[in-house]
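What you see is a predicted model, and the numbers here were worked out from it, not measured in a lab. So you know, we letter chains A, B, ... as the sequences are listed, proteins then strands, and number each from 1.
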Amino acid sequence: MTRGIDMTQDAVGVYEPAYPLNLDATLSCGQLFRWKKGENTWQGIADGRFITIRQKENRLFFSGCSEAFLVSYLHLDSDYDAMVSGFCCDSHISDAVCRTGGLRIVRQDPWECLISYLCAQNANIPFITRMIENICQTAGEPILAPDKTVGYAFPTPTALSLLTLEEKRGCTLGYRAPYIHKTTAAIAADPEWANRIREMPFEEARRSLMTYPGIGPKVADCVLLFGFQKYESFPVDVWIRMIMHRLYGIGNPAVSLTPAEYERIRRFAQEHFGPYAGYAQEFLFAVRESYTDGKF
DNA sequence: GTATACCCTGACTA
DNA sequence: ATAGTCAGGGTAT
């Protein structure tokens, strides 16, 4: 601003993170669904704006957002080494951290995060991406990128609540459509929902999220971790269960993931890794391909 | 409390 | 080519 440059629009900014960051790992690890990588540059829509980010050595070249937003979004305002050393309590997790150094849990918008992970149940990443894109095109505001291509912001709760159930089904949401329909209606009528949950202790926030239709333990844990920065959250999917069994002998991947089983695994992880268990989970997930050979 | 069928789509197999 | 199978999280019974 001081030099007449509008850093909130398409001017380019440069930022040198004070703590380690691996942008590729951060944006491609499956926590986000609206970023794609071009030549060397990541493009995405967040906070209702087109944003580009490129990492070169220890510098970030970005456009479309303020430096303050970038730092907050990528969680670059916290001491990485202090955080990571808190849960690097054994050789398995230390190995995963070394192999994916600089992975960050992005601060997502709670509302977008909640709907995204409601879509994510019983789906893979390409499918989830399609569902979210359909939602944005159907109910989101169009956004013109600097290169004149048109994208769509994630819709507000009100905008999404105005779609009929059938219009939501048209977004290839399948049986998730009624869940999203009801949950959206509840949230559109209750603007304070996120502030309330943010203030709650972890278990209470978790129970509160699980009262919304279609939100069970897994989706709730993802929303707490990615949308509310409750880093003790430890979402357990089939990958994490398999890894936890292999590395720590906890749980039994041969049977279906029952609620009791889910509970056992997450309690163990929260106890074992501590207040940043969710970060440990992301590192383990990031190296999951190492454990695909053989069966358990 | 716990097990099971079902919801829907896409990817894979026969 | 097309039918059948399966993965995946939440819910109702």
Qualifying residue for side-chain contact (heavy atoms from CB on, under 4.5 Å) with A:Arg34, from A:Glu133, A:Gln43, A:Gln108: A:Glu133
Phosphate OP1/OP2 of B:dT9: any A:Arg130 side-chain N/O under 4.0 Å: no
Ring centre gap for A:Phe273 and A:Tyr279 strictly below 6.0 Å: no
Close aromatic pair by centroid cut-off 6.0 Å: A:His75 and A:Tyr231: yes
Sugar-phosphate, base or nothing in reach of A:Pro217, heavy atoms under 4.0 Å: sugar-phosphate
Donor/acceptor link under 3.5 angstrom from A:Tyr175 side chain onto base of C:dG9: yes
Whole-Å distance separating the CE atom of A:Met131 from the P atom of B:dT9: 10 Å
Ring-ring centroid check A:Phe62 A:Tyr15, cutoff 6.0 Å: no
Qualifying residues under side-chain hydrogen bond (donor to acceptor under 3.5 Å, both in side chains), relative to A:Thr164, sequence neighbours excluded: A:Glu167
For DNA chain C, the dot-bracket pattern of Watson-Crick and G-U pairs whose distances stay under 3.5 Å, | for other-strand partners: .||||||||||||
Touch class at under 4.0 angstrom, heavy-atom based, for A:Ile215 against every strand present: sugar-phosphate
A:Thr183 to A:Pro213 - nearest heavy-atom pair and separation: OG1-O, 2.8 Å
